[in-house]
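Everything on this sheet refers to the single structure shown next.
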Protein chains: 4
Amino acid sequence: MTGRARRREPRQERSRAMVERIVAAAREVLVARGYDGTSTNRIAAAAGVSPGSLYQYFPDKDAVLTEVLDRYLDAMEARVSRAFLDSVATAAPGPGTAAAVRGTLQALLDTFAAEPDLLRVIVEQLPRSPGGRRAAFAGRIDDLVTTVLLTRGAPGTEPARAMAWTVVRTVEHLTTGYVLERPGFPREVVVDELTALVAGYLDARLSGGRVASDGPS
Amino acid sequence: MTGRARRREPRQERSRAMVERIVAAAREVLVARGYDGTSTNRIAAAAGVSPGSLYQYFPDKDAVLTEVLDRYLDAMEARVSRAFLDSVATAAPGPGTAAAVRGTLQALLDTFAAEPDLLRVIVEQLPRSPGGRRAAFAGRIDDLVTTVLLTRGAPGTEPARAMAWTVVRTVEHLTTGYVLERPGFPREVVVDELTALVAGYLDARLSGGRVASDGPS
Amino acid sequence: MTGRARRREPRQERSRAMVERIVAAAREVLVARGYDGTSTNRIAAAAGVSPGSLYQYFPDKDAVLTEVLDRYLDAMEARVSRAFLDSVATAAPGPGTAAAVRGTLQALLDTFAAEPDLLRVIVEQLPRSPGGRRAAFAGRIDDLVTTVLLTRGAPGTEPARAMAWTVVRTVEHLTTGYVLERPGFPREVVVDELTALVAGYLDARLSGGRVASDGPS
Amino acid sequence: MTGRARRREPRQERSRAMVERIVAAAREVLVARGYDGTSTNRIAAAAGVSPGSLYQYFPDKDAVLTEVLDRYLDAMEARVSRAFLDSVATAAPGPGTAAAVRGTLQALLDTFAAEPDLLRVIVEQLPRSPGGRRAAFAGRIDDLVTTVLLTRGAPGTEPARAMAWTVVRTVEHLTTGYVLERPGFPREVVVDELTALVAGYLDARLSGGRVASDGPS
DNA sequence: TATGAATGAGCTTTCATTCAT
DNA sequence: GATGAATGAAAGCTCATTCAT
């Protein structure tokens with residue numbers, strides 16, 4: 001999982017089908033047997049394909065897992081972007097921050113909870129490489145949020161980037177954390193707390209407030 | 001890394017020394033070659049010890065890595081607790097939230113930045129098991145923060161737990177994330193943003209404010 | 001040598017060849033270096049094959065040795081059955097017992113003496129598990145002899161089974177014992193003694209004689 | 001278990017005690033964990049002794065197991081000899097063969113059944129070396145029986161040796177076989193069958209009868 | 001003498017990868 | 001292209017044996 005290996009782009013229809021089978025099989029094996037139990041031979045067997053064929057389409061084991069991760073992240077990105085933009089569009093610019101945040105959170109929790117087993121393997125077992133797929137994913141979400149924040153009154157690009165970075169990671173980790181940890185309180189509580197956390201922050205920062213120092217100076 | 005295996009308690013001074021060498025070697029190999037490159041033979045060689053000796057002190061490979069992780073987490077816990085309690089003690093109960101948060105953040109960033117390579121391997125490569133060492137670590141920090149929140153006016157135990165869970169994970173992930181990602185803005189910016197995020201949230205929630213709903217109720 | 005593991009059934013001609021090479025190599029190593037000196041690596045090397053290939057055809061070390069043993073026992077069983085049935089068929093029902101026994105013994109001694117080195121390792125070094133291959137082998141011979149005894153006037157099934165058990169083990173152990181121990185007297189002597197032992201017993205028991213008690217009843 | 005290694009003869013009382021503890025521990029480990037589970041470290045631990053001390057008294061692992069076997073065989077030999085001689089002494093020279101055989105068999109079955117677990121490990125798992133302890137044991141019993149047979153009318157030394165060899169192995173294997181196999185018939189049946197087998201043979205051979213040929217010549 | 005820490009060769013087994021068919 | 005047999009390095013771990021204390 002160095003993240004550098006890429007699969008070859010298949011041209012034929014037949015090829016596409018094989019790639020699909022292999023990726024699907026890899027995902028299944030990953031969920032069923034964990035990262036350590038996922039060998040190329042097992043993936044090939046689960047795909048009903050020979051090990052040699054697997055290497056026709058992927059340069060190495062890493063590339064297969066990277067592809068699984070990529071697809072997961074692509075799906076996430078599509079859903080997250082849509083949920084975020086929808087929530088933002090629906091909510092009034094000023095007082096609607098909380099509603100927008102809340103809507104996004106609900107959508108995220110739905111999304112993550114849909115496939116918790118795969119989420120678990122990805123978060124808990126897949127080695128993540130610096131500058132790898134996950135970083136790029138988060139970076140794109142950062143950009144999206146940055147853009148919106150700028151339209152909502154963020155005081156400049158740099159502050160907007162910092163705010164986006166802060167908010168995106170907070171929401172990402174706490175929503176996945178809730179799904180995976182299943183702490184002792186109901187989902188609505190996380191939604192409430194996270195909404196308070198994030199919306200309060202954004203409201204304060206977008207209404208021109210300087211960063212909170214140690215009390216009113 | 002099931003986290004269940006423990007090493008035998010060494011009795012002799014000599015034994016302690018061997019355990020130290022092995023654990024130190026394991027840490028080095030881990031940092032130098034990554035999780036997948038860390039074999040028992042390599043650890044033993046790095047420790048200047050035979051493979052058999054390693055198994056005299058640790059029941060299996062897992063136990064060695066668990067020990068490395070444990071020591072890291074223990075050190076973290078000590079520092080984090082102390083930083084948190086110091087910051088809390090110094091700050092005035094009401095308006096001092098931001099100061100307390102800021103102080104804790106500074107200490108955390110110092111701590112994590114001290115050994116970034118080890119932090120990276122632990123965060124990015126060590127498989128985390130649910131209910132494992134890291135979960136227990138976070139749980140203890142949760143308890144600590146919960147306690148303080150209750151003395152600071154949290155409206156009951158359950159809300160305090162939810163707030164603690166929220167705040168602890170936020171701070172944990174964003175501080176480590178900053179150290180590992182090295183995004184394009186300076187450290188003081190993260191501190192400012194995180195302070196605004198967390199202190200704003202706590203102030204709102206501790207001053208009796210109900211969770212922000214969609215607009216002014 | 002738990003005896004439970006079986007090898008996969010080879011489909012290709014090529015596969016059969018590999019299995020043959022591995023089994024042959026295992027037999028050689030077993031004879032040359034004894035049970036304790038027989039490692040999977042050594043077997044693979046002797047077969048001119050990689051360790052990995054061995055495991056393509058056999059689930060574990062045990063299965064290889066079990067296969068060697070199975071083949072030996074199968075060959076034995078075929079020969080022993082045929083020799084026994086031939087000798088029985090040739091001999092007259094009543095007075096021919098001695099001839100039948102003698103014929104069987106000659107065949108057995110020929111058979112065991114043909115590969116004394118392998119016989120030695122199997123008898124002296126291969127661990128035998130109760131209910132394992134060897135027990136099953138003996139059981140099948142028991143059945144065969146029981147059947148013949150019943151046609152020769154044995155007084156009921158239970159007595160026949162007991163007689164068969166007695167005779168089969170006697171003959172098995174003394175013939176192999178003679179081949180392996182090479183005691184100081186010639187082969188014809190063992191044949192004579194064993195013929196007297198077994199034929200006398202069978203004649204007495206089959207002619208309606210009750211078990212010899214202490215003195216003349 | 002090459003059978004060539006011998007332990008040093010201990011001179012001190014202290015030494016004797018250690019040897020005793022080690023041998024006893026070896027026997028226990030052997031019974032409890034089988035041959036493969038019997039390591040020198042485990043024996044030493046079970047004996048409450050250090051591995052180093054074990055090597056003070058035994059040149060290698062083999063010597064320890066050989067000592068266990070030796071003691072077992074010595075005990076067997078004592079019992080077997082006594083049982084045999086008692087039975088022979090009690091029985092009348094001519095017609096008493098069956099009684100003598102029966103008495104010996106009863107004693108043997110009692111003896112073997114007393115410690116079936118140890119017997120099983122020794123018979124089924126301990127590698128036997130040609131010309132090793134067991135061969136010597138059997139040889140001494142052979143001598144004993146040969147002697148008695150000569151006093152009972154055996155036609156010369158060579159025939160007596162052959163008869164003894166035949167009878168001793170038969171009785172040894174069938175009695176241990178009965179104890180270990182536990183076939184489906186009661187003990188008295190084996191005793192009856194074996195008595196018929198052996199006594200019939202001896203009576204025939206001792207009364208001057210030539211070896212049974214193919215029917216009356 | 002007794003200890004027990006230390007050794008290190010060697011074991012069984014796995015698996016990413018290759019290549020002849 | 002597709003196959004799957006074959007590879008072989010390397011993994012985790014054990015254990016008979018040694019030797020400094």
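Below, read A as the first sequence line, B as the second, and so on, with proteins coming before strands; counting in each chain starts at 1.
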Counting Watson-Crick and G-U wobble pairs with both distances under 3.5 Å, what is the dot-bracket string for DNA chain F, 5' to 3', using [ ] for crossing pairs and | for pairs to another strand? .||||||||||||||||||||

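The backbone N or O of Asp70(D) sits nowhere less than 3.5 Å from a side-chain atom of Arg133(D) that would complete a donor-acceptor pair.
Rounded to the nearest 0.5 angstrom, Leu65(A) CG and Tyr35(A) OH are separated by 6.5 Å. Taken from CG in Leu180(C) to CZ in Arg128(D), the straight-line distance is 9.5 Å, to the nearest 0.5 Å.
A heavy-atom distance below 4.5 Å is found between the side chains of Arg134(D) and Ile122(D). Under the 4.5 Å side-chain criterion, counting only non-hydrogen atoms from C-beta, Leu119(B) is in contact with Tyr72(B).
Look at CE on Met18(A): it is 11 Å from P on dG4(F), rounded to the nearest Å. One can place CD1 of Ile22(A) at 15 Å from C1' of dA16(E), the figure rounded to the nearest angstrom. Between the CD1 atom of Ile43(D) and the P atom of dT17(F) there is a distance of 11 Å, rounded to whole Å. With rounding to whole Å, Phe58(B) atom CZ is found 16 Å from dG12(F) atom C1'.
Dashed line: the shortest gap from a side-chain N or O of Ser50(A) to OP1 or OP2 of dG4(F) is not under 4.0 Å. Within the 4.0 Å cut-off from OP1 or OP2 of dA6(E), at least one side-chain nitrogen or oxygen of Tyr57(B) is found. Checking the phosphate oxygens (OP1, OP2) of dT1(E), a side-chain nitrogen or oxygen of Gln56(D) falls inside 4.0 Å.
In terms of the side-chain contact (heavy atoms from CB on, under 4.5 Å) criterion, Asp74(C) has no residue partners (sequence neighbours excluded). Checked against side-chain contact (heavy atoms from CB on, under 4.5 Å), Ser50(C) has the following partners two or more places apart in sequence or in another chain: Ser53(C).
Within the structure, every pair that satisfies the salt bridge (charged side-chain N to carboxylate O under 4.0 Å, His left out) test and touches residues 115-124 of chain A, not counting sequence neighbours, is listed here: Arg120(A)-Glu124(A).
Toward the 5' end of DNA chain E, the nearer of the two residues Gly48(D) and Leu54(B), judged by each one's closest nucleotide, is Gly48(D).
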Anything under 3.5 Å between a donor and an acceptor, one on a side chain of residues 22-29 of chain B, the other on a protein residue two or more places apart or in another chain? List them.
none

Output a table of nitrogen or oxygen pairs between the protein and nucleotides 13-15 of chain E separated by less than 3.5 Å.
residue	atom	partner	partner atom	Å
dT13(E)	OP2	Tyr55(C)	OH	2.5
dT13(E)	OP2	Lys61(C)	N	2.9
dT13(E)	O5'	Tyr55(C)	OH	3.4

